[in-house]
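Notes follow once the structure below has been shown.
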Protein chains: 2
Amino acid sequence: MVMAMIPNQAFRPAPLTARDRLLEAGVKLVREQGFSATSVDQLCQHAGVTKGAFFHHFASKEALGVALAKYWSDSTGAFFAGAPFHHAEYPVQRVLGYIDLRIALLAGPVESFSCVAGTMVQEVFLTSEAIRAACEASIMGNAHALEADLAAAIAQSGAREVTAAGLARHAQAVIQGAIVLAKAKGGAAAAGVAREELQHLRRYFAMLFQQEMTDAG
Amino acid sequence: MVMAMIPNQAFRPAPLTARDRLLEAGVKLVREQGFSATSVDQLCQHAGVTKGAFFHHFASKEALGVALAKYWSDSTGAFFAGAPFHHAEYPVQRVLGYIDLRIALLAGPVESFSCVAGTMVQEVFLTSEAIRAACEASIMGNAHALEADLAAAIAQSGAREVTAAGLARHAQAVIQGAIVLAKAKGGAAAAGVAREELQHLRRYFAMLFQQEMTDAG
DNA sequence: ATAACCATACCAACTGGTCGGTATGTTACA
DNA sequence: TGTAACATACCGACCAGTTGGTATGGTTAT
């Protein structure tokens, strides 16, 4: 799915091409206002390009939405692929390490850790099949990255009645739900509410895998 | 929070006043397209009233959003307050009964069980403080209705490290996340994905309360 | 009659999208 | 090597339609 890993632009090299600048503006504006409320003019203004440039790179606003989901997916996927929790010895440690990392990322204002794909799909799941599919790929791709570790953890712990794919989806569901609750709470308390949800997810996984709870975020 | 309980209008008496018809149209259109993508003209057309009627009852589109969250909250609140799971003997049964009811409601197309408050707050949490607060009240009110049974279940089971309020929020978070994943999945498989998430929530609660898993939805 | 309720007509701002045109390469070939 | 042919990236004015919102006037119950 999606998440913070894009705290703000200053920490990453400023995108050079107009296309990248538009996608970067898309990340920011969709997080702040959603997809429907974000206009093409706004995207152009924020990216510092003209409308002509926009429609040179994207056939339509919908096409930008599709590209944005992929851009988001690639960015977040690369971030988690390079995270240190992968080097933990036991699969259960790797699974809990992933959750701990997600917890650590839940800080600051909601728009700094909310999910572009999750936000978009809520709005357009019925009106744009192309964007819906792109968001599904983003969220489910993020889930898929967890499956191997979860399968190993299940095998090692002997957990029954659950599947690796199902648990991976559940992790994404809790993350998405945590973001919704954080948005509802608003203000400085938002991130704390979201972290609390991930703590419950961690406890669930730890219980399933018969692992003692260690400290978390 | 939010949910199906409003499967479709045919099962409830057709609202008579223009205000109610507009709110009913709001439920349907926000579920299908989100709040930003829903125009005042669309709401009027669907409700069978004119723009004059709209702005007679609501000072602005934002005001309708606030009223819609309250309308939604009252409708769903009344539905769950009257549900039979409240009559179960043990608190753990009542908690799991609530989840089983939610699972049973997850059927049909996503727009028939999605959450109006959750959808709205995703889009406008930064741009409309009034709607955000109304959605928070809706979602947290739904959570609050569970707290008494959860507190009793915690007391009876001796569960530690969790609070009734925290678990109540977690239930809402999982429900919201299940809806997001269902929207991403799309099509006929959507409801099944959502039910799977609630099953995980049920398993988590059952483990916390040391209760054996019985059949669920 | 008087106030709540609702319809019609209208407006300025903005919507996604188009279009003709330009500036800067990149390639093909004499 | 020079130049013609083509491609890519971008600009900014413009379009028809839609947006949320207003102004005003007519009904209908009390």
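As the structure is a computational prediction, the values presented were derived from the model and not from experiment. Below, chains carry the letters A, B, ... as their sequence lines are ordered, and counting in each starts from 1.
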- Cation-pi check, A:K61 to A:F35: give yes when NZ or CZ is under 6.0 Å from the six-membered ring centre and within 45° of the ring axis, no otherwise. yes

- Can any side-chain N or O of A:Q176 pair as donor or acceptor with the backbone N or O of B:V180 at less than 3.5 Å? no

- Listed by chain and number, what are the side chain to side chain donor-acceptor pair (under 3.5 Å) partners of B:Q45, not counting sequence neighbours? none

- Query: Do NZ/NE/NH1/NH2 and the carboxylate oxygens of A:E129 and A:R132 come within less than 4.0 Å?
  - Reply: yes

- Message: Tell me the bend of the helix from C:dA1-D:dT30 to C:dA30-D:dT1 as the angle between end helix axes, each from five pairs, rounded to the nearest 10 degrees.
- Response: 10°

- Message: Please confirm whether the shortest side-chain N or O distance from B:H56 to OP1 or OP2 of C:dC6 is below 4.0 Å.
- Response: no

- Item | Gap between atoms CD and P, on A:E62 and C:dT15 respectively (whole Å) | 19 Å

- Message: Without decimals, in angstroms, what is the distance between A:Q45 CD and D:dC11 P?
- Response: 14 Å

Could you run down the sub-3.5 Å N/O contacts of the protein with nucleotides 18-20 of chain D?
from, atom 1, to, atom 2, distance (Å)
D:dG20, OP1, B:K61, NZ, 3.3
D:dG20, OP2, B:V40, N, 2.8
D:dG20, N7, B:K51, NZ, 3.0
D:dG20, O6, B:K51, NZ, 3.4

- Query: Rounded to the nearest Å, what distance is computed from the CZ atom of residue A:F58 to the C1' atom of nucleotide D:dA9?
  - Reply: 13 Å

- Query: So A:Y98 and A:R102, side-chain hydrogen bond (donor to acceptor under 3.5 Å, both in side chains) or not? Walk me through it.
  - Reply: CA-CA 6 Å; A:Y98 169 76; A:R102 303 287 319 211; 2.9 Å; yes

- Message: Treating B:H86 as the side-chain partner and B:F80 as the backbone partner, does any N or O pair qualify as donor plus acceptor under 3.5 Å?
- Response: yes

